[in-house]
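Since the model is a prediction, treat every value here as computed from it, not as a measurement. The sequence lines fix the lettering, A, B, ..., with proteins before strands; numbering per chain opens at 1.
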Amino acid sequence: MPPRLAPVTDHDALDAPADPEITAPAAASDAKLLLIDGHSMAFRAFFALPVENFATTDGQPTNAVYGFTSMLINLVRDEQPTHVFVAWDMSGPTFRTEQYAEYKGTRSAAPDEFKGQVPLIQEVLAALSIPHVGISGIEADDVLATLTDRAERQGAEVLVCSGDRDTFQLVTDRVTVLYPRKGVSDLVRMTPAAVEEKYGVPPGRYPDLAALVGETSDNLPGVPGVGPKTAAKWINAYDGLDGVVGSATAITGKAGESLRANLAQVIMNRQLNGLMRDVDTPLQLADLVRVPIDREAVHQVFDALQFRVLRDRLFDMLPKDEAGTAEDVEDLAVQVTDLVPGALAPWLAAREGQELGLDVAGTSAHGTGDAWALAIADGEGESLAIDLATIGDADLDVLGAWLADPAAAITVHDAKSTSHSLAGRGLVLAGVTLDTLLAAYLCHPDQRTYDLGDLTVRYLKRELPSGVDAASDGMLDLGLDGDSSGGRTAAARAVAVRELGEPLRADLATRGATALMGDVELPVLATLVDMERAGIAADVPYFTTLLNEFDAAVERAAAGAYEAIGRSVNLGSPKQLQEVLFDELGMPKTRKTKTGYTTDADALADLFARTEHPFLENLLAHREAIRLRQTVEGLLKSVSPDGRIHTTFQQTVAATGRLSSVDPNLQNIPIRTTEGYRIREGFVVGEGYEGLLTADYSQIEMRIMAHLSGDAGLIEAFRSGEDLHRYVGSRVFGVAPEDVTSAMRAKIKAMSYGLAYGLSAFGLSKQLGIGAGEARGLMDDYFERFGGVRDYLTGVVDDARQEGWTSTILDRRRYLPDLTSDNRQRREMAERMALNAPIQGSAADVVKVAMIGVSSQLRLRGLASRLLLQVHDELVLEVAPGEREEVTELVRAQMAAAADLSVPLDVSVGFGRSWRDAGH
DNA sequence: ATTTTGACGTA
DNA sequence: CGTACGTCAAAATA
């Protein structure tokens, strides 16, 4: 029976016109051919990705299609092959089964979920214009071997992607096998050296080795008692399998006996595992050249498969969208004019109503700053550089008025820092309509930095002129020779900022974040400027006393610890502690870390409970004391000359949308322990104010969860006004609310909060110190009563997997590509992030809206009270004399009204002379 | 000299 | 095998 081309052959793809974007290699020797064993890789993909997580809404499983396509996109992106081809196995007999009926006989039938996916993969390949063929009676590997030979003879480089080790025999200097180690994303490059290293024989003799050792997956038995080591030894000693067979009688020992008994099998193995290199197929290298994808078909197929994330990745990879390669990036065109006295007003007048870019060279920290130069750029690449050291009074007045004009329409990168810098020169920044830093953050909230130079390359395909991409507050800008080099630097940055406005606005719109930027992030930024500038008053004498006290406690604990073991060690060194605890004192080993065994507080407390060794007691006391001392020391160091501590709120670091606080971090001041709580007494009301007011949301994340899930029981819990955990506990345990014991309440509380973090039954049992069974039962009971919560939690992850992102009540997105990773660790991590991001992020949205409401009400009513701090669900204000009542009401009202949820937002307020007194 | 790790504070 | 952060000192690495 002559081999015939199978129906899956996609001749249309072969006939497609050459892609103008992909230039065919001038000679075959420049060609790079990617060959894929379709079934082998599809099968790997099927087992790498959990089938229950990958299905279209009508139930068609797609995990193999997804994994295969994902692998293909990655390979094409990373390897940049000029030619691609996929070979398929066909059902029915092959020359191997004819020769040996048991060939591959141990293979169980493919799962039903798998079978249907192969035609879908073929549809994807058709849309991608990738030729793919199955030939009856011939295995895919034989087709690949034949094409490998043909391509290699023409001087091409070949990559063979297959999970079948028989392909190792194809490896040469020009042929590399990509063999999946785990899943389909972790491919090992099998080069001649790699094969030799792993098996001890060159690639050409791999089939010799396999014939001796056997191949379980093909149902080819090897010689009993002969493993890869012995086989390699023989093959090398007798110059190949023929030599081994010929000298079989000369091989001594048990293994030799075994070999002689199985010679026939070995010889047949070798016949079967040798790949055919002369399959009769008309396919030539030239037929496999990459051609343009059929965009329309890709959209259709990917729509049907509901692959959103993959589609984006695919289109991102295509040459057309691939701009940003080094040779494409030119310098940004900038025309700089140094300010001539009197020229500012006409320059601005000529650009009345236009969006202008601003960049300021200066510094900022601790709620203040300085500026020495700035530049304003228009949309034509013209930039006006202004040296603030030499600017005349008239121009300064014009500049000040323009900056302070709310209608000025200014785009700037990092408006918060810029505001502080300008404030150092008495200038106010008001008319910011876009902050490119914030915009980049909203579009890519997981990124670590949003450097202006990087944005320029990414969005404009332009490079900032050399020496300019450093932040404008660098000392380089000082212009030591007295010229306005600070202004020159600012000039280029201002142009970049101005030009970034358009693509970033478009990107914000695409991602549904326009309103979030305009209504939340920019207004809250203005509030943060005021908060950072205000700072919070510190009671320095009190902190100093506290420092001494903690110091003494550190000494005491250290002395106690040294006495307990009869020598001194560095108590802050986990390494030395491990020596003491596990080697010297012989205590039971704790949980493992990368470098040994943990000495964290939990583990130490556990060890103390078991051994009651006084060293542990002192060590724990030392840990606490040294930490408190450290905290107080840090706070004292950060007190500004005005006697206040000015933290910096970071608006673009937390991927969920929260703020963070640095230098110092005022969002992690102790509160749980009584000793730690004393630190809050050092944060006090400032001169001229009446007291500090704290207002916090109670259980805001649980309320958000109730709202998002729409779970009737949970909503009712909040509406009833009953203690939440007591209410939930009564439902879960089936008792009256008043019969919920404190132990029951504690369990419920831990579980309720844990759910929002993706807590597992295992984690819950660990945390509560209960059995895994009890924890599992507790969770089952919980979900039994609050099924809406479970439906929400699973739904949110599934939706995120489909869409590629999660979103909050104000449409703040977090992108989680790892939801489709075939690495379980990464995937499950992303799943927990997907559970938490909408909850934590929505809470962050609500608090930001509240901050905007509070600060605008304070301003509208002409009150002197002011916001000082935000600690995620808590606001701290400084209240001016006589304003306490009005501010309390205003804060309550604004916070409660910050979001319209299906449950009330409960706010509790406290007042006092210190943060401690104001707490509750 | 700089980066990574372990530990630990907050929501 | 529970999310999001920042800070410090020690350890690891250059």
So what does [X] touch, heavy atoms closer than 4.0 Å: a base, only the sugar-phosphate, or nothing?
| X | result |
| --- | --- |
| A:A837 | nothing |
| A:I700 | nothing |
| A:R672 | base |
| A:A655 | sugar-phosphate |
| A:M751 | nothing |
| A:K594 | sugar-phosphate |

If the P atom of B:dT4 is compared with that of C:dG2, how far apart are they to the nearest Å?
26 Å

With a 4.0 Å limit, can you tell me whether [X] has a side-chain N or O closer than that to the phosphate oxygens OP1/OP2 of [N]?
| X | N | result |
| --- | --- | --- |
| A:R627 | C:dC8 | no |
| A:T631 | C:dT7 | no |
| A:R832 | C:dC1 | no |
| A:T595 | C:dA11 | no |

For a quick check, tell me whether the side chain of [X] and the base of [N] share a donor-acceptor pair closer than 3.5 Å.
| X | N | value |
| --- | --- | --- |
| A:N665 | C:dG6 | no |
| A:R658 | B:dA11 | yes |
| A:Q667 | B:dG9 | no |

Salt bridge present between [X] and [Y] (N-O < 4.0 angstrom):
| X | Y | value |
| --- | --- | --- |
| A:E549 | A:R678 | yes |
| A:R785 | A:D781 | no |
| A:D723 | A:R745 | yes |

Atom-pair distance ([atom1] on [X]; [atom2] on [N]), nearest Å:
| X | N | atom1 | atom2 | result |
| --- | --- | --- | --- | --- |
| A:F649 | C:dA4 | CZ | C1' | 16 Å |
| A:D602 | B:dA7 | CG | C1' | 11 Å |
| A:Y753 | B:dA11 | OH | C1' | 10 Å |

Nearest to the side chain of [X] - [options]?
| X | options | result |
| --- | --- | --- |
| A:K575 | C:dC5, C:dA11, B:dA11 | C:dA11 |
| A:D600 | C:dC8, B:dC8, C:dG6 | B:dC8 |
| A:Y757 | C:dT3, C:dA4, B:dT10 | C:dT3 |

Please report the C-alpha distance between A:T545 and A:N548 in whole Å, then the side-chain angles of each, then the deciding distance to 0.1 Å, and finally whether the side chain to side chain donor-acceptor pair (under 3.5 Å) criterion is met.
CA-CA 5 Å; A:T545 311; A:N548 292 330; 5.9 Å; no

Please check if any side-chain donor atom of A:D917 sits under 3.5 Å from a side-chain acceptor atom of A:S914, or the reverse.
yes

